[in-house]
Amino acid sequence: MVRPTQKTNLYTTKAVILLDSEGKRLIAKYYTPDYATAKDQKTFEKALFDKTKKINSEIIMFDGQVVVYKNSIDTFIYIVGSVDENELILTHLLSSLYESLNLLLGSVEKRVIMEYLDQVVLAIDEAVDDGIILESDPSVIASRVTKKGADGDNVPLSEQTIAQALRTAQEQFAKSLLK
């Protein structure tokens, strides 16, 4: 059977979901109206978790969609795409997102994700915007989240977050004391 040619589409990702080891939502970003209400999203996430918690696979077909996922300590990371989407692209996005979170947080586990929720959300936003994959290099994603250049350049004070500015001020104060 010959399959009709599909138009190429930039909108590759339907959702990025992070669940804990009990199937409870840590973060979920949906990019299509397939699950428009919070109730629909929770139902989908519960069914997805129930299907994947015992399966030792990385790619499944679920609810007419391709889902790639990774289990790390007490966290499940899911990337959902359409049935016609290339699994390799979704798997590469999953790997790069996981690696960038590992670079940013040290380990991908519930406690750390909840502690640094802002950085996790920024990392997801740097990787995927409105279902379009923007970046797949983990070091670039991590450097954009921390606002540091890939080569470690200093960021101007006006572009730093409050925590980064405070840390910079502390470092400069410590250096002035040592002189």
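Note that the coordinates shown come from a computational prediction; the quantities given were computed from them, not determined experimentally.
The CD atom of E87 sits 15.5 Å away from the NE2 atom of H92 when rounded to the nearest 0.5 Å. Atom CD1 of I141 is separated from atom CG of L101 by 8.5 Å, given to the nearest 0.5 angstrom. The OG1 atom of T37 sits 11.0 Å away from atom OH of Y35, with the distance rounded to the nearest 0.5 Å. Put simply, NZ on K14 and CG on D34 are 4.0 Å apart, with the number rounded to the nearest 0.5 Å. S96 contributes atom OG, which lies 11.0 Å from atom CG of L103 (distance to the nearest 0.5 angstrom). F76 contributes atom CZ, which lies 11.5 Å from atom CD of E22 (distance to the nearest 0.5 angstrom).
For K53, the NZ atom is densely surrounded, since the number of other residues' heavy atoms within 6.0 Å is greater than 12. Counting heavy atoms of neighbouring residues, nucleotides and ligands inside a 6.0 Å radius, atom OH of Y31 exceeds 12 of them.
Between K29 and D125, at least one side-chain nitrogen of the basic residue sits less than 4.0 Å from a carboxylate oxygen of the acidic one, meeting the salt-bridge criterion. Between D74 and K110 no salt bridge is recorded (no basic side-chain N to carboxylate O distance below 4.0 Å).
Side-chain atoms of D63 do not come within 3.5 Å of backbone N or O of Q65 as any donor-acceptor pair. In this structure, the side chain of S136 does not engage the main chain of L93 through any donor-acceptor pair within 3.5 Å.
Among the candidates V16, L48, L18, the single residue satisfying the side chain to side chain contact (heavy atoms under 4.5 Å, CB included) test with Y78 is L48.
Contact check for I17 versus R25: no side-chain heavy atoms found under the 4.5 Å cut-off. Using a 4.5 Å cut-off on side-chain heavy atoms (C-beta onward), E85 and L90 make contact. L26 is listed as a side-chain neighbour of T75, based on a closest heavy-atom distance under 4.5 Å. L94 is listed as a side-chain neighbour of I77, based on a closest heavy-atom distance under 4.5 Å. Side chains of E58 and V68 form no contact here, defined as non-hydrogen atoms less than 4.5 Å apart. The shortest distance between side-chain heavy atoms of I59 and T91 falls below 4.5 Å. Contact annotation: the side chain of I124 approaches that of I27 to within less than 4.5 Å [non-hydrogen atoms, C-beta and beyond]. I60 places a side-chain heavy atom less than 4.5 Å from the side chain of K51.
Hydrophobic clustering (side-chain heavy atoms under 4.5 Å, transitive across Ile, Leu, Val, Met, Phe, Trp, Tyr) keeps F49 apart from I73.
The salt bridge (charged side-chain N to carboxylate O under 4.0 Å, His left out) contacts involving residues 128-140 comprise E135-R144, where partners must be two or more places apart or lie in separate chains.
For M61 against V66, the heavy-atom pair with the smallest separation is SD-CG2, 3.6 Å. Contact record, L19 with E45: CD1-O, 3.8 Å, taken as the closest heavy-atom pair. Between G64 and V83, the shortest heavy-atom distance links the atoms O-CB, 3.5 Å. Contact between N102 and S107 at its shortest, heavy atoms only, is OD1-CA, 3.5 Å. Looking at every heavy atom in both residues, L105 comes nearest to Q119 through CD2-OE1, 4.2 Å.
Geometrically, K70 engages Y98 in a cation-pi contact defined by less than 6.0 Å to the ring centre and at most 45° from the axis.
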- Task: I would like to know whether Y30 and D40 meet side chain to side chain donor-acceptor pair (under 3.5 Å); could you show each step before the answer?
- Result: CA-CA 11 Å; Y30 289 86; D40 292 342; over 6 Å; no
